[in-house]
2 protein chains.
Amino acid sequence: MTFDQGHESSPGRPLAPRPLYQQARELLVRKIIDGVWGPGGYLPSEQQLAREFGVSIGTLRKATDDLVDQGLLERQHGRGTQVVAHSSARSRFRFLRFFHADGRLFDPVARLLRRTVRAATAAERTHLALEKSARVVGLTRIRSEAGEALVFERIALPADLFLQLELDPRVELSEEVYVFYQRQCGVTIVRAEDQVALDAADAETAQALGLAEGAAVLRVRRVAYGLDGRRVEHRESWTAKLRYQVELD
Amino acid sequence: MTFDQGHESSPGRPLAPRPLYQQARELLVRKIIDGVWGPGGYLPSEQQLAREFGVSIGTLRKATDDLVDQGLLERQHGRGTQVVAHSSARSRFRFLRFFHADGRLFDPVARLLRRTVRAATAAERTHLALEKSARVVGLTRIRSEAGEALVFERIALPADLFLQLELDPRVELSEEVYVFYQRQCGVTIVRAEDQVALDAADAETAQALGLAEGAAVLRVRRVAYGLDGRRVEHRESWTAKLRYQVELD
DNA sequence: AGTCTTAGGTCATATAGATGACATTTGACC
DNA sequence: GGTCAAATGTCATCTATATGACCTAAGACT
């Protein structure tokens, strides 16, 4: 395998060549990013890939194992290995952390209130690591269940990646927005950092959720990361009745 | 390897014999539970263990890999593999999810207010899967930083496991209680489920945190699991200023 | 006593191949 | 056309072995 060519030549700093399986993993990620197989698409067989990369099957397997653990690939015994599409159940439960007080999963439909393209706020620039002049696509939406508005949400997305994102405001969507990020903009969310804080409802939030302005609400702020490690989503969600639930292991 | 003996003999239900590496993993977990090596202790070398279990090194390695991923073991290149002690940094950051608004980690000392042994409440029985007559050890404590009380906490632990738990109320502890669970009671926490909700401070919470009774606070309810999968801790934490932060991947 | 080298133990990475289980396709047969 | 069995391709598990990197301790040498 010749992935690490050129590194050894830098004098003084030997720069330990990374293990083959890591290089293979990164090659795979690169191909996924480039859309060689597309979400839901099947990879070539392990045999073929190993030959193509010039490594043994065991080594290739270790690389794909990592990506399966990471939730990027899904293996199906006897069928093959495919790139995870965000609609898959696994991927959905991974990022939807709202639950009712009795432990029932929150299973909402979402209605888009606004879609704007504007300059990023200071907070958004910080959290998304954007330039001063950067623009974002802003989404404002309400997520409800059985007709009751339970979550009010403001999302900011780097405009350079998401300009072509179009959501029909007349339709209530039951799918995660991440499905649309992936389908329309080729952006796959692989990781997120959530911060849950106490907050007071601002005018719009209060109105959307049927609360008094200034009422205590839960605010979840999320920064989500794409395949290449770039920060691609800044999201704030407010709710008064739901709970945030997560498993640590 | 003869782990699965006796299973095949049950008629009608063939019960697919589990893969060797899973059986090896469970054997390891069993030994860890039984305290064969104790927290911080070193396992025999991979060679020895593989011989002892009658499997190849690759198979044994897959088993230990799983346990390392799960945070139960730690490998040190050139030294050996040891059972994780809860004081280790990794284990600490895993379960401490409170942060300041500016992102700084909450690094508290804890002061014990009360230790009681009493009948479990209905909620505790539900969350800990206890019998109707079960008793629990109850801990009440305040966690502060720089002299400021920031988290008020009530913990319930099954009395059959934790009766010998003794914490000195005169000393402020900077270590996680999980260290003491492990040292004094042989209970290792490996997994937890956290639920973050909006709440109103009760009288004691308000007093502890310097708030008005009924003030809005964040409540984190945790159910934590031991090595054998048993629920061993029910904890409720209240805070007004701190945030709950977690990474999803 | 202190420093350096060396030897041996450990985990980390990589290979090659064998066997089994699962899913789909092909084709014989009715 | 429909049904069943065989063939084929895929991932899953397991073995055996080799080499390298990292850590420690024992000696050799100053």
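Note on naming: letters A, B, ... go to the chains in the order of the sequence lines (proteins, then strands), and numbering restarts at 1 for each one.
Contacts of A:Asp194 classified as side-chain hydrogen bond (donor to acceptor under 3.5 Å, both in side chains), with partners at least two apart in sequence or in another chain: A:Arg222, A:Tyr244. The side-chain hydrogen bond (donor to acceptor under 3.5 Å, both in side chains) search around B:Gln82 returns B:Gln76, not counting sequence neighbours. B:Arg92 meets the side-chain hydrogen bond (donor to acceptor under 3.5 Å, both in side chains) test with B:Asp107; sequence neighbours excluded. Scored by the salt bridge (charged side-chain N to carboxylate O under 4.0 Å, His left out) test, B:Arg191 finds A:Glu247, B:Glu193 as partners (sequence neighbours excluded). Not counting sequence neighbours, B:Arg94 has no partner by the salt bridge (charged side-chain N to carboxylate O under 4.0 Å, His left out) test. A:Arg51 is linked by a salt bridge (charged side-chain N to carboxylate O under 4.0 Å, His left out) to nothing, counting only residues two or more places apart in sequence or in another chain. Residues forming a salt bridge (charged side-chain N to carboxylate O under 4.0 Å, His left out) with B:Glu153 (at least two apart in sequence, or on another chain): B:Arg141, B:Arg143, B:Arg235.
Note on A:Gln76: only backbone sugar-phosphate atoms sit closer than 4.0 angstrom, heavy atoms only; bases stay farther off.
Remark: the A:Arg243 side chain and the B:Gln195 side chain contain an N/O donor-acceptor pair separated by less than 3.5 Å.
Taken to the nearest 0.5 Å, the CG atom of B:Asp66 stands 4.5 Å off from the CZ atom of B:Arg25.
For DNA chain C, the neighbouring residues in residues 60-72 of chain A, judged by any heavy atom under 4.0 Å, are A:Lys62. Remark: B:Gly78, B:Arg79, B:Gly80, B:Thr81 in residues 78-90 of chain B come within less than 4.0 Å of DNA chain C through at least one heavy atom.
A ring-ring contact (aromatic ring centres under 6.0 Å, His included) check over residues 56-87 of chain B, counting only residues at least two apart or in different chains, returns the pairs B:His86-B:Tyr178.
Heavy-atom contacts of chain B under 4.0 Å fall on DNA chain D between two terminal nucleotides, which in 5' to 3' order are D:dT13 to D:dT24. Of all nucleotides in DNA chain C having an atom under 4.0 Å from a heavy atom of chain B, the first and last in 5' to 3' order are C:dG9 to C:dT13.
Panel note: side chain B:Arg79, backbone B:Arg75; no donor-acceptor pair is recorded below 3.5 Å.
Under 4.0 Å is where a charged nitrogen must lie from a carboxylate oxygen, and between B:Asp102 and B:Arg104 at least one such pair does.
Both B:Gln48 and B:Ile57 lie near DNA chain C, and the one whose nearest nucleotide falls closer to the 5' end is B:Gln48.
Looking only at side-chain heavy atoms (C-beta outward), B:Phe98 and B:Pro108 stay at 4.5 Å or farther from each other.
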